[in-house]
*Asks:* 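Dropping a structure here in structure tokens format, bear with me for questions.
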Amino acid sequence: MDRRIATSFIVGSMLALLVGCAKDEGPLYIPKPVDPSEPIDTAYFNTEVVPIFIQHCWNCHPDMAALDLGETEAYANLVNVTSSNHAPAIRVVPGDLDASVLWHKVSGSDTYGLNMPPNGTFLSAQEVQTIHDWIEQGALNN
Ligand code: HEC
């Protein structure tokens, strides 16, 4: 093989590898920089967070881990409730992302077993951000 062909072969394989890896990864969580002049983008539980649960989680979560993420049950099943599989940790601690099992599961931290959703589907960065903001803003039933 002459040098040019060899080089383009190597570059080509590296590119293929890069593209392949990028495709397999879930969305990375990238926190938004905080600009004090920007108004706070309020995250609403009932109109923004619940629809994420219905679309991505509810097929497994009326049943799995005694956690019902349905429209009428989700709030009462999450906020200040002790985790069934990861006790004594709490599912959602208002204002405290690091103490919230839900946050670790959807941000892919690997701290509490499987990351959610575990079936090869992914939340978008925007959806992860909405859950982040909702917990950080006090996990209100708003
Ligand atoms: C394919 C089925 C499936 C889907 C979809 C799914 N989960 Fe789960 N989930 C599980 C299973 C199984 C467990 C129990 C194992 C564990 O805790 O890791 C679990 C556990 C959890 C727990 C821990 C509950 C506790 O108290 O122990 C949370 C929180 C959770 N899931 C949130 C979610 C969220 C949010 C979504 C959607 C973004 C989601 N799950 C989607 C199957 C699923």
Side-chain angles (χ1 to χ4, degrees), residues 1 4-142:
M1 222 190 284
R4 273 182 59 194
I5 299 179
T7 310
S8 55
F9 179 72
I10 291 168
V11 171
S13 346
M14 283 170 74
L15 270 177
L17 204 70
L18 267 176
V19 171
C21 290
K23 218 178 134 197
D24 287 345
E25 274 171 23
L28 284 178
Y29 173 68
I30 302 162
K32 280 196 288 191
V34 181
D35 176 354
S37 67
E38 239 181 62
I40 291 176
D41 180 11
T42 305
Y44 292 96
F45 184 72
N46 291 293
T47 52
E48 294 180 294
V49 177
V50 167
I52 300 172
F53 293 159
I54 301 299
Q55 191 186 341
H56 297 281
C57 320
W58 197 41
N59 52 339
C60 293
H61 283 290
D63 302 321
M64 300 283 179
L67 172 61
D68 190 338
L69 291 178
E71 199 176 346
T72 50
E73 310 299 328
Y75 193 85
N77 271 251
L78 286 173
V79 179
N80 293 318
V81 174
T82 303
S83 159
S84 49
N85 289 337
H86 312 282
I90 308 289
R91 287 173 175 168
V92 171
V93 179
D96 192 341
L97 291 161
D98 196 46
S100 300
V101 172
L102 172 70
W103 173 245
H104 285 277
K105 292 247 185 222
V106 297
S107 62
S109 80
D110 292 327
T111 308
Y112 296 105
L114 295 174
N115 295 317
M116 295 291 139
N119 55 357
T121 63
F122 296 102
L123 299 183
S124 70
Q126 182 58 52
E127 289 166 330
V128 173
Q129 182 73 46
T130 299
I131 295 173
H132 169 280
D133 292 352
W134 171 68
I135 297 174
E136 198 178 55
Q137 292 167 13
L140 303 177
N141 192 358
N142 56 359

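Since we're looking at a predicted model, the values are computed, not measured. Remember, it's 1-based here, ligands and their atoms both numbered in the order they're listed.
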*Asks:* Going by distance alone, is a donor N or O of one side chain under 3.5 Å from an acceptor N or O of the other, for Ser83 and Asn85?
*Replies:* no
*Asks:* Heavy atoms only: which of Met116, Arg91, Gln55, Lys105 is nearest to atom 13 (C) of ligand 1?
*Replies:* Met116
*Asks:* Measure Leu114 to ligand 1 on non-hydrogen atoms and call it side chain, backbone, both or neither using the 4.0 Å cut-off.
*Replies:* both
*Asks:* Step through it carefully: locate the ring centre of Phe45, locate the ring centre of Trp134, and say whether they are under 6.0 Å apart.
*Replies:* yes
*Asks:* Nearest heavy atom to atom 8 (Fe) of ligand 1: which of His61, His56, Met64 does it belong to?
*Replies:* His61
*Asks:* Any luck finding a side-chain donor-acceptor pair between His104 and Asp98 under 3.5 Å?
*Replies:* yes
*Asks:* Do Thr82 and Arg91 come close enough that some side-chain heavy atom pair is under 4.5 Å?
*Replies:* no
*Asks:* In terms of atom number and element, which parts of ligand 1 are under 4.0 angstrom from non-hydrogen atoms of Leu102?
*Replies:* 35 (C)
*Asks:* At a 4.0 Å threshold, what atoms of ligand 1 neighbour a non-hydrogen atom of Ala65?
*Replies:* 14 (C), 20 (C), 24 (C)
*Asks:* What atoms of ligand 1 come within less than 4.0 Å of a heavy atom belonging to Asn59?
*Replies:* 5 (C)
*Asks:* Starting from atom 14 (C) of ligand 1, find the nearest protein heavy-atom neighbour and note its residue, name and distance.
*Replies:* Asn85 ND2, 3.2 Å
*Asks:* Just checking, any donor-acceptor pair under 3.5 angstrom between side chains of Thr111 and Ser109?
*Replies:* yes
*Asks:* Quick one: which ligand 1 atoms are inside 4.0 Å of a heavy atom on His86?
*Replies:* 16 (C), 17 (O), 18 (O), 27 (O)
*Asks:* Distance alone, cut at 3.5 Å: any donor-acceptor contact between the side chains of Asn46 and Asn142?
*Replies:* no
